[in-house]
Each structure stands twice: as structure tokens, then as C-alpha cells.
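Just below is one structure, and these are the notes that go with it.
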Amino acid sequence: MKASCFHLSTLKETPVDAEIVSHQLMLRAGLIRRLASGIYSWMPLGLRVLRKVENIVREEMDKSGGLELLMPSVQPAELWQESGRWDQFGPELLRLQDRHQRNYCLGPTHEEVIVDIFRRDIKSYKQLPVNFYQIQTKFRDEIRPRFGVMRSREFIMKDAYSFHASQESLQQTYDLMYQTYSNIFDRFGLAYRAVSADSGSIGGSTSHEFHVLADSGEDAIAFSDQSDYAANVEMAVAIPPQTERDQPGAAMEIIDTSGLYTIEDLTDKLDADIKKCLKTLIVDSDDDGLVALVLRGDHELNPVKTEKLLRVASPLRMAEREKIKRVLGSDIGSLGPVGLGITTYVDSSAGFVRDFICGANINDKHYINANWGRDCEEPTIADIRSVQEGDPSPDGQGSLKILRGIEVGHIFQLGQKYSETMQATVLDVNGKSVVTSMGCYGIGVTRVVAAAIEQNNDERGIFWPDSLAPFQLAICPLNYNKSEQVKHAADKLYADCLQRGIEVLLDDRPLRPGVMFSDMELIGVPHRIVLSDRGLNADLFEYKGRRDENSQDLALTNLPDFLNQLFSQECVRD
RNA sequence: CGGGGUGUAGCUCAGCCUGGUAGAGCGCUGCCUUCGGGAGGCAGAGGUCGUAGGUUCAAAUCCUGUCUCCCCGACCA
């Protein structure tokens with residue numbers, strides 16, 4: 001490609017609305033343009049990257065026996081009513097009507113449609129297992145789209161759905177998909193991590209997320225420094241520090257703590273050990289009452305774990321202050337488990353603390369040296385906190401480290417959630433009708449592009465991994481439009497690269513070198529060759545990798561070999 | 001949806017408080033100079049000031065409605 005024939009629309013200034021680097025760089029490099037909130041056009045340069053992602057996904061899915069199909073993005077309401085999700089999904093589902101006032105939605109996902117296809121087409125266990133997938137545009141009417149393509153309303157996703165006559169078969173395909181995803185992310189050339197995950201609203205049991213590691217990631221993931229254990233912090237099991245409680249010490253006393261309402265106040269003013277200060281949080285119950293949650297002062301509540309507990313309202317809601325005061329008789333800064341009188345869950349770590357400090361449920365009073373069993377009821381233990389860096393790994397090997405990640409892939413075992421309600425059955429060996437089990441496997445294709453940038457950028461712009469770069473090589477001729485010598489050499493090199501199948505961008509624009517270099521660095525072309533009169537006169541060309549400190553001058557005679565070496569791997573692979 | 005902001009040239013923004021009829025930098029077009037890290041000069045093009053109404057002799061500026069977009073919270077690939 002010649003730059004003069006391409007559309008490079010780079011921006012020198014950073015657009016104000018862009019909050020995170022990937023969004024800024026995608027706009028500055030001219031990969032995307034915003035059309036409306038959460039809706040973006042992919043410009044030619046961005047589309048080249050998007051296609052790279054798609055193709056890798058497609059190749060690996062095909063290799064694993066996936067069958068590509070393409071389902072409509074507009075879907076009839078009837079299907080969604082049948083699965084029950086027409087009502088469940090809420091405003092995130094964009095609904096529309098046609099001219100006959102029939103209801104439709106824009107597909108946020110395709111379980112309903114695929115199940116419908118399946119039940120019409122597949123009758124026998126002999127046709128199983130199957131794994132259908134598509135790479136297609138989805139629409140979710142996000143409450144608040146942000147971060148550009150990272151959380152947009154319209155986005156492209158690869159979604160795959162597998163069907164099975166048995167759990168064993170589902171497990172097999174699930175494991176295969178896990179491996180396939182690992183292969184895909186390996187090929188992307190991104191640092192990633194597969195973690196056990198909460199299956200969320202989509203339902204099902206076993207589930208893993210694939211995260212691209214980046215400090216700006218929205219998710220925290222915990223993994224063992226000594227084993228394979230890795231889980232989303234939402235999910236990671238918090239192991240109590242000990243298995244038996246120490247004997248109580250001194251007798252409980254009530255003390256005056258006017259003006260001390262937070263854990264910090266207590267540790268500052270009373271010189272107390274934060275691990276001995278228990279905090280009591282009050283959330284709404286599912287029957288209009290209250291539930292108390294007790295945690296160690298240095299621990300954080302984990303809403304995802306907590307909302308699964310009996311009587312706790314889901315989604316989790318902190319109770320209103322007035323209601324707490326009314327029901328419990330004190331303000332939130334003075335609450336504690338002693339004599340509280342409502343359902344109380346005590347975090348497993350907090351349940352082992354002896355001689356603790358807690359609110360007395362009387363304003364401006366706290367107890368010290370309180371003890372479970374002696375001063376209040378034996379605690380109902382639950383795992384309700386988020387793990388912290390340094391906690392023991394739940395598998396007993398090593399301790400946990402915490403990194404941030406961007407969720408770009410998610411695999412689920414759906415089981416029979418949809419196949420049951422929508423009657424996706426086949427006949428088994430005995431001619432009996434059995435409900436199929438399903439798996440579902442997603443990759444956020446557009447999000448992968450953003451995540452790749454989030455992980456690979458510097459002050460000059462993007463640096464793409466070779467596998468995702470819109471162009472592999474930039475040829476930057478200095479004075480292309482003035483110097484016959486340079487033009488000739490550049491054209492020859494360009495033709496040679498095309499011949500070799502290298503994706504090359506020849507910058508033949510009449511630009512100053514600085515502008516040209518900056519553009520190529522901004523858009524992240526991994527390799528750059530500069531040709532100039534000065535160099536050619538000395539039989540030299542200049543090479544610089546996007547991530548290299550310095551450029552190097554190399555002998556022109558070695559250029560063919562150099563190209564061979566540089567691009568041998570990609571040529572074999574693609 | 002709740003809270004906070006914003007809207008003026010393609011982009012980043014000034015002007016608004018204190019009404020008098022629109023500006024800068026970058027980008028764009030042409031010419032000249034420069035030519036290895038976002039050059040300089042000259043000459044240009046480009047804006048119903050988000051939108052509808054109101055106040056006023058006069059509105060980008062004041063008032064009201066409305067829309068857009070962004071930020072903070074719950075959701076997710």
C-alpha cells in the first residue's frame with residue numbers, strides 16, 4: 001500500500017472525550033471515528049487490525065472443529081419471550097418495532113437464535129457434538145458506554161455455541177475451547193491470563209475468563225505465585241488465616257468513642273490493631289428487612305460473593321441510613337455484632353478474631369475485648385470478602401498476587417439452561433428424547449483491539465504485536481518526490497516486499513521526515529526502513545523496530561537477507 | 001436512571017461574568033523558502049455560536065424549554 005493512496009487520518013492533538021490511552025490512540029491514529037455515543041466507525045486502518053483479530057480467531061476456531069455461520073442481528077421478540085429473557089434482560093436489550101408493530105430486538109447475544117436453529121435442524125445424538133460460531137455485530141444498550149470501543153454499545157464478538165448429548169461431551173468441548181482460546185491469545189502476542197470466573201447473568205456453572213493484562217484493566221485478578229490457580233477477585237476464595245479461634249482474653253468493656261466512626265478513626269485514636277477492629281455493614285434483605293455483614297477492618301466486602309447468600313438482596317444494596325437508625329437504633333459508625341438481633345454473616349477471617357473492637361449499637365460507644373461465643377452468638381461464617389495480595393492461595397500452594405486485566409474472552413458451561421426451556425432435544429441411542437447440554441464461548445473482537453493497545457503503547461503511540469499490526473513494515477523514503485535515486489530504491493524495495501507477501505506501507509507523501517516518522521510510530525507499524533540520499537550514497541539503509549531505542553545502519557547488499565530474516569516467521573504462519 | 005459538567009471553524013480552546021453582531025493555535029488550499037524528528041513566511045477557504053422560544057433597539061453572551069456529548073455510580077465481550 002502506498003500512503004498516498006491510503007487514508008491515514010492522524011491527529012496531533014488528543015481528543016478531549018477520550019479517557020484511556022487506547023481510546024485516545026485509536027482516535028489519534030485514525031483507527032475509529034465516533035458516530036454516536038458508544039457507536040463507532042472502523043476506518044480503513046482500524047479495519048485492517050480488526051480483520052487480523054478476526055482471522056486468527058476464525059482459523060483457530062475452524063481448527064478446533066467450529067462451524068462458522070452467521071445469524072441475524074435483528075431478532076423476533078417471540079424467541080426471547082420463549083426463553084424468558086424478553087422480560088429479564090431489561091433496558092440493555094434494544095427493542096424495536098417493524099411497520100406492522102411486531103416486536104424485535106437487536107441481538108446482544110445469540111443463544112435464542114442458535115437454539116432455534118438447532119432444534120429445527122438436529123434430531124439425533126449422532127449429529128452431536130456440534131459447535132457453531134459466528135463473528136458478528138452485537139448491540140447492548142449499555143447504561144453508560146465509555147472508553148471508546150472498550151465498552152461500546154455496538155461491538156463485534158465471536159460467539160460460539162456447542163451442543164452435547166452428555167456432560168462428558170460438554171466438558172470435552174469446553175476443555176478444547178479453553179485450549180483454543182489459549183492458542184488464539186498466544187497468536188495475538190498479548191500477555192493474558194485465564195481465570196476462573198463468576199458466570200454472571202448468563203447462567204451456568206463452570207466458567208473461565210480470559211484477561212489481557214494491563215494496569216488500566218477494569219477487573220482485578222488473583223493468581224498464585226506458585227501454582228496455576230487464577231481467579232477473578234470477584235470469585236477468588238478467601239482462606240481464613242487459621243482454623244481455630246484463640247481463647248478469649250480480658251473481659252468485654254464498653255468505652256466512649258465520641259467522634260470515632262470509621263476504622264481509621266479507631267486505629268488512629270485508640271492505637272488499635274486494624275485486624276482486631278471489626279466493621280459491620282448493613283445491606284437490604286430480599287424481604288424488605290436488613291442483613292448485617294461483619295468483616296475485619298483491613299478487609300473489603302465482595303458484593304458478588306455476598307449477594308449469593310440466603311436472604312441477601314441480589315443485586316446487593318447497602319441499606320439506607322435512616323432505616324438502619326430506625327431498626328437498629330444507632331448510626332452506622334457505631335454498629336457491631338454484639339446483640340444486634342438481625343441476620344448476621346461474619347466473614348471467615350473476622351470469625352477467628354478474639355478480643356475484638358466493634359460498635360456497641362449505641363451511638364458513640366464501642367466494645368473492646370469482645371469475643372465470639374462469649375459476648376455474642378457464635379458467628380454464622382461466610383466468605384464475603386475480596387482476597388488481597390499476600391493472602392494464601394485457595395489451593396494451598398503459595399500466596400496470591402493481584403494484577404489488573406481486561407476481560408476479552410469468556411467461556412461457559414451453560415448446561416441445560418436454554419435447551420430445557422426452549423426444547424432443544426435429540427433422540428439418544430434408545431430412541432428416547434434427551435435435553436442437550438450447551439456450552440457458550442465468547443471473544444470480544446473489537447475489545448481485543450483496544451486491549452492490545454492498552455497493553456502496548458508508549459508516549460509516541462501504539463506498538464502492535466506483529467500478528468495484529470495493520471502493516472508489518474513502513475518504508476520511509478526521504479525526499480521521495482525529489483530524489484530519483486531515493487524514489488527508485490524505495491519503489492524497488494516496495495515491489496520486492498509485495499512480491500514476498502509482506503504487508504508494507506510505502507510513505508510516498510511529500511512530508512518532512514519528522515512528520516512521517518511520527519505518523520508511523522503513532523499507528524504502530526512494527527518495522528521501519530528509511531531510505532535517503534545520504535544512506536544510499538554510502539550503500540546503507542536504516543532499520544528501526546518500533547520498540548527499539550536506536551536505529552541501525554545496515555549494508556544495502558544485505559537487505560534481501562535482512563527481510564528474509566525479519567519476516568520469515570510471519571510468512572510461514574500467514 | 002441519580003449526581004456533576006459540556007456544546008463557539010475539521011481538532012484543542014478563548015470570548016459569556018459586565019449584551020454592541022466572532023477570535024487564536026493546530027489542521028486544510030495556493031505560492032515561496034526549508035528538508036533526518038510534528039519547520040518558516042505570504043495569501044486564502046472555513047462558523048445559522050447544539051436547538052426552539054423569550055427578554056432587548058441589539059443576544060455567542062441574560063432567561064426558559066429541549067437535545068447532544070462527557071465524567072462519577074450499578075452492567076458486561
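Here the structure is a predicted model, which means the values were calculated and not measured. By convention in this document, chain letters (A, B, ...) are assigned in the order of the sequence lines, proteins followed by strands, and residues within each chain are numbered from 1.
Under a 4.0 Å N-O distance rule, the pair Glu54(A)/Lys158(A) does not qualify as a salt bridge. In summary, Glu13(A) and Arg28(A) do not engage in a salt bridge, as defined by a charged side-chain N under 4.0 Å from a carboxylate O. Salt bridge status for Lys63(A) with Glu60(A): present, with a side-chain N to carboxylate O gap under 4.0 Å. With respect to Lys138(A) and Asp159(A), a salt bridge is recorded, a charged nitrogen being found less than 4.0 Å from a carboxylate O.
Both distances falling under 3.5 Å, in either a Watson-Crick or a G-U wobble arrangement, place U29(B) opposite A43(B). Using the Watson-Crick or G-U wobble rule with both distances under 3.5 Å, G65(B) pairs with U51(B). Across all strands shown, U6(B) forms no Watson-Crick or G-U wobble pair with both distances under 3.5 Å. Figure legend. U34(B) is base-paired to no nucleotide; pairs are counted as Watson-Crick or G-U wobble with both atom distances under 3.5 Å.
Residue Ile143(A) is classed as a base contact, given a heavy-atom separation below 4.0 Å to a base. Nucleic acid contact for Arg528(A): base, since at least one base atom lies under 4.0 Å from a heavy atom of the residue. Among the protein residues, Arg317(A) comes within range of no part of the nucleic acid, since none of its heavy atoms lies under 4.0 Å from any strand. Val408(A) comes within contact range of the sugar-phosphate backbone alone, with a heavy-atom separation under 4.0 Å but no base atom that close. Among the protein residues, Asp519(A) comes within range of the nucleic acid bases, having at least one heavy atom under 4.0 Å from a base atom. Here Ser152(A) lies in heavy-atom contact (under 4.0 Å) with a base. At the heavy-atom level, Pro108(A) lies nowhere under 4.0 Å from the strands shown. Nucleic acid contact class of Glu407(A) (heavy atoms, under 4.0 Å, all strands): sugar-phosphate only.
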Residues 17-27 of chain A, side-chain donor-acceptor partners within the protein, below 3.5 Å, at least two apart:
residue, atom, partner, partner atom, Å
Ser22(A), OG, Glu454(A), OE1, 2.6
His23(A), ND1, Gly148(A), N, 3.4
His23(A), NE2, Tyr40(A), OH, 3.4
Gln24(A), NE2, Ala18(A), O, 3.1

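We find that CD of Glu307(A) is positioned 11 Å from C1' of C75(B), with the value rounded to whole Å. Atom-to-atom, CZ of Arg447(A) to C1' of C76(B) comes out at 6 Å; the value is rounded to the nearest Å. Rounded to an integer number of Å, the gap from CZ of Phe188(A) to C1' of A77(B) is 12 Å. The CG atom of Leu522(A) sits 18 Å away from the P atom of G37(B) (whole-angstrom rounding). Straight-line distance from the CE atom of Met520(A) to the C1' atom of G38(B): 13 Å, rounded to whole Å. Atom CD1 in Ile411(A) sits roughly 13 Å away from atom P in A77(B) (whole-Å rounding). Going from atom CG of Leu540(A) over to atom C1' of G36(B) covers 14 Å, rounded to whole Å. Rounded to whole angstrom, the span from the CD atom of Glu542(A) across to the C1' atom of G36(B) amounts to 8 Å.
The residue among Glu92(A) and Leu11(A) whose nearest nucleotide of RNA chain B is located toward the 5' end is Leu11(A).
Donor-acceptor pairing under 3.5 Å is lacking for the side chains of Tyr543(A) and Asp548(A). Side-chain N/O atoms of His164(A) and Gln171(A) include no donor and acceptor closer than 3.5 Å.
Distance noted for atom C1' between U51(B) and C69(B): 14 Å (whole Å). For G41(B) and C57(B), the P atoms lie 47 Å apart once the distance is rounded to whole Å. Straight-line distance between the P atoms of C17(B) and U29(B): roughly 38 Å, to the nearest whole Å. The gap from the P atom of G3(B) to that of G23(B) amounts to 40 Å, rounded to the nearest Å. Comparing the C1' positions of G65(B) and U18(B) gives an interatomic distance of 26 Å, to the nearest angstrom. Taking atom P on both nucleotides, C71(B) is separated from U55(B) by 38 Å, rounded to a whole Å.
By the 6.0 Å and 45° rule, Arg193(A) does not stack over the aromatic ring of Phe210(A).
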Check nucleotides 3-8 of chain B against the protein and report each pair of N or O atoms closer than 3.5 Å, with its distance, or say if there are none.
none

Protein and nucleotides 69-71 of chain B: nitrogen or oxygen contacts under 3.5 angstrom:
residue, atom, partner, partner atom, Å
C69(B), OP1, Ser37(A), N, 3.1
C70(B), OP2, Ser37(A), OG, 3.0
C71(B), OP2, Arg144(A), NH1, 3.4

Atom pairs, protein N/O to nucleotides 24-31 of chain B N/O, distance under 3.5 Å:
residue, atom, partner, partner atom, Å
G25(B), N2, Glu13(A), OE1, 3.0
C26(B), O3', Lys12(A), NZ, 3.4

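Not counting sequence neighbours, the partners of His208(A) by the ring-ring contact (aromatic ring centres under 6.0 Å, His included) test are Tyr174(A), Tyr178(A).
A distance of 6.0 Å or more separates the ring centres of Tyr441(A) and Tyr181(A).
The environment of CG in Asn537(A) is crowded: more than 12 heavy-atom neighbours from other residues, nucleotides or ligands sit within 6.0 Å. No more than 12 heavy atoms of other residues, nucleotides or ligands lie within 6.0 Å of CD in Glu300(A), so this atom counts as exposed by the packing criterion. Crowding of Arg33(A) atom CZ: a count of heavy atoms from other residues, nucleotides or ligands under 6.0 Å exceeding 12.
Between G36(B), G37(B), U12(B), one nucleotide has an atom nearer to the side chain of Glu521(A) than all others, and that is G37(B).
A close approach under 4.0 Å does not occur between any side-chain nitrogen or oxygen of Arg140(A) and OP1 or OP2 of C76(B).
Phe185(A) and Phe188(A) have perpendicular rings, their planes meeting at more than 60° on a 0 to 90° scale where under 30° would count as parallel.
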Report task. Show your reasoning for whether ring-ring contact (aromatic ring centres under 6.0 Å, His included) applies to Phe118(A) and Tyr161(A). Result -> CA-CA 10 Å; Phe118(A) 177 89; Tyr161(A) 307 90; over 10 Å; no
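By the criterion of a centre-to-centre distance under 5.5 Å and near-parallel planes under 30°, the ring of Phe517(A) forms no stack with the base of G36(B).
Within residues 475-485 of chain A, the residues that have a heavy atom under 4.0 Å from RNA chain B are, in order of number, Leu478(A), Asn479(A), Lys482(A).
Test Arg146(A), Arg447(A), Arg151(A) against Glu218(A) for salt bridge (charged side-chain N to carboxylate O under 4.0 Å, His left out) and you get one pass: Arg151(A).
A heavy-atom distance below 4.5 Å is not found between the side chains of Asp141(A) and Pro91(A).
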